[in-house]
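Below: the structure, in C-alpha cells.
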Amino acid sequence: MQLILLGLPGVGKGTQAKILAKDLGLLHISTGDMFRDAAERETFLGLSAQQYMSKGQLVPDEVTIRMLLERITETDAEKGVMLDGFPRTIPQAKALDETLNSQNSLIDAVLYIQVPENELFARLTGRWTCSECGEIYHTQTNPPQKEILCDKCDGELVQRADDQPDTVRGRLNANREWTEQLVHYYEDLSKLHSIDGTGEPKEITARLMSVIEMVSVA
Ligand code: AMP
C-alpha cells in the first residue's frame with residue numbers, strides 16, 4: 001500500500017503515521033524528520049534546508065522532490081510507504097504520481113486528518129520548555145505542577161519561538177493554503193478520505209484503520 005497522511009500542523013500526523021506504519025508493515029517516511037536529521041548531521045542538504053525550516057517556510061520543491069524520490073525508490077520502500085509531510089505542494093504531488101506510475105504503482109488513499117483550528121491553536125501554543133534542562137510540558141496534556149517552573153529542576157519554563165501565538169497563527173495560515181490545494185487535487189482523483197482527528201490517539205488510529213481496511217478490500 002502507498003498511503004499519505006495529510007493535515008495541518010498539530011493534527012497528530014507524526015504520531016499516527018508511526019503507529020500505522022508499524023501495524024501495517026509500511027515504511028514511514030517523514031520529510032520533516034529527514035530534513036532535521038540532515039541538519040543535525042550538518043550535510044549540505046541539511047544546512048540549506050535549515051534556512052527554510054527555521055523560518056517556517058517550505059524547502060524548495062526541486063530539493064524536496066529529489067530527496068523523497070530517492071528514498072521511495074530504495075528497496076525497503078518496496079513493502080509500501082506511509083508518507084507524512086509529503087507532498088506539501090502540487091508539483092510534489094505530481095512528481096510522486098509520476099514516479100509511482102513508472103513503477104506500476106499508485107497512491108491507494110490520502111488520509112486527511114481534521115481538527116478544528118481553535119483546538120489546533122491550543123495544542124500548538126500550549127507547549128512550554130524548561131530553560132534549564134529542556135523538559136517539555138503541555139498546558140493541556142502534561143501541565144507542570146507549579147505553573148511556571150520545571151517539576152524536575154525548578155528551572156523557568158519558556159515558550160519557544162515556534163510555539164508563540166503569532167508564529168503559530170502564521171504557520172497555520174500558510175499550511176491551510178497548501179493543504180487546501182492538495183485536498184482538491186486528491187478529491188479530483190477520488191483518493192481523499194477525511195478523518196475526525198479529535199479525541200484520544202487510540203480512537204483516531206481506529207478511525208484511520210477502518211478507512212484503510214475499506215480501501216484495501218475495494
Ligand atoms: P514537519 O516536521 O513535517 O512539520 O516539517 C518541518 C519543516 O521541514 C517544514 O516546516 C518545512 O520547512 C520542511 N519540510 C518538510 N516537509 C516538506 C515538504 N514536503 N516540502 C517542503 N518543505 C518541507
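As the structure lists them, so they are numbered: ligands from 1, and atoms in each ligand from 1.
More than 12 non-hydrogen atoms from other residues, nucleotides or ligands lie less than 6.0 angstrom from CD of Gln57. At most 12 heavy atoms of other shown residues, nucleotides or ligands fall within 6.0 angstrom of atom OH in Tyr52. Taking a 6.0 Å sphere around NZ of Lys22, one finds it holds 12 or fewer heavy atoms contributed by other residues, nucleotides or ligands.
The protein heavy atom nearest to atom 16 (N) of ligand 1 is Thr31 OG1, 2.8 Å. When only non-hydrogen protein atoms are considered, atom 23 (C) of ligand 1 lies nearest to Phe35 CE1, 3.8 Å. The nearest heavy-atom contact from the protein to atom 20 (N) of ligand 1 is Gln92 NE2, 2.9 Å. Atom 3 (O) of ligand 1 has as its closest protein heavy atom Arg88 NH2, 3.0 Å. Counting protein heavy atoms only, atom 7 (C) of ligand 1 is closest to Met53 CG, 3.8 Å.
Remark: side-chain polar atoms of Gln92 are paired, donor with acceptor, to backbone N or O of Arg88 under 3.5 angstrom. Between the Glu135 side chain and the Cys150 main chain, no donor and acceptor come within less than 3.5 Å of each other. In this structure, Asp84 contributes its side chain and Leu5 its backbone to no donor-acceptor pair below 3.5 Å. Proximity of a side-chain donor or acceptor of Ser131 to a complementary backbone N or O of Glu156 within less than 3.5 Å is detected. No donor-acceptor pair under 3.5 Å is formed between the side chain of His193 and the backbone N or O of Val211.
With no hydrogens or angles considered, a side-chain donor-acceptor pair links Thr205 and Gln16 at under 3.5 Å.
Any N or O atom pair closer than 3.5 Å counts here, and Tyr52 shares no such pair with ligand 1. Residue Val59 has at least one nitrogen or oxygen atom sitting less than 3.5 Å from a nitrogen or oxygen atom of ligand 1, judged on distance alone. Distances between N or O atoms of Asp33 and those of ligand 1 include no value under 3.5 Å. At under 3.5 Å, not a single nitrogen or oxygen of Leu58, backbone or side chain, sits near a nitrogen or oxygen of ligand 1.
Here atom 19 (N) of ligand 1 lies nearest to Gly85 when heavy atoms of Gly14, Ser30, Gly85 are compared.
Every atom of ligand 1 is numbered from 1 in the order shown, and the set under 4.0 Å from a heavy atom of Arg36 is 2 (O), 6 (C). Listed by number with element, the atoms of ligand 1 under 4.0 Å from a non-hydrogen atom of Thr64 are 18 (C), 19 (N), 20 (N), 21 (C).
With a 4.0 Å heavy-atom cut-off, ligand 1 is reached by the backbone of Gln57 but not by any atom from C-beta on.
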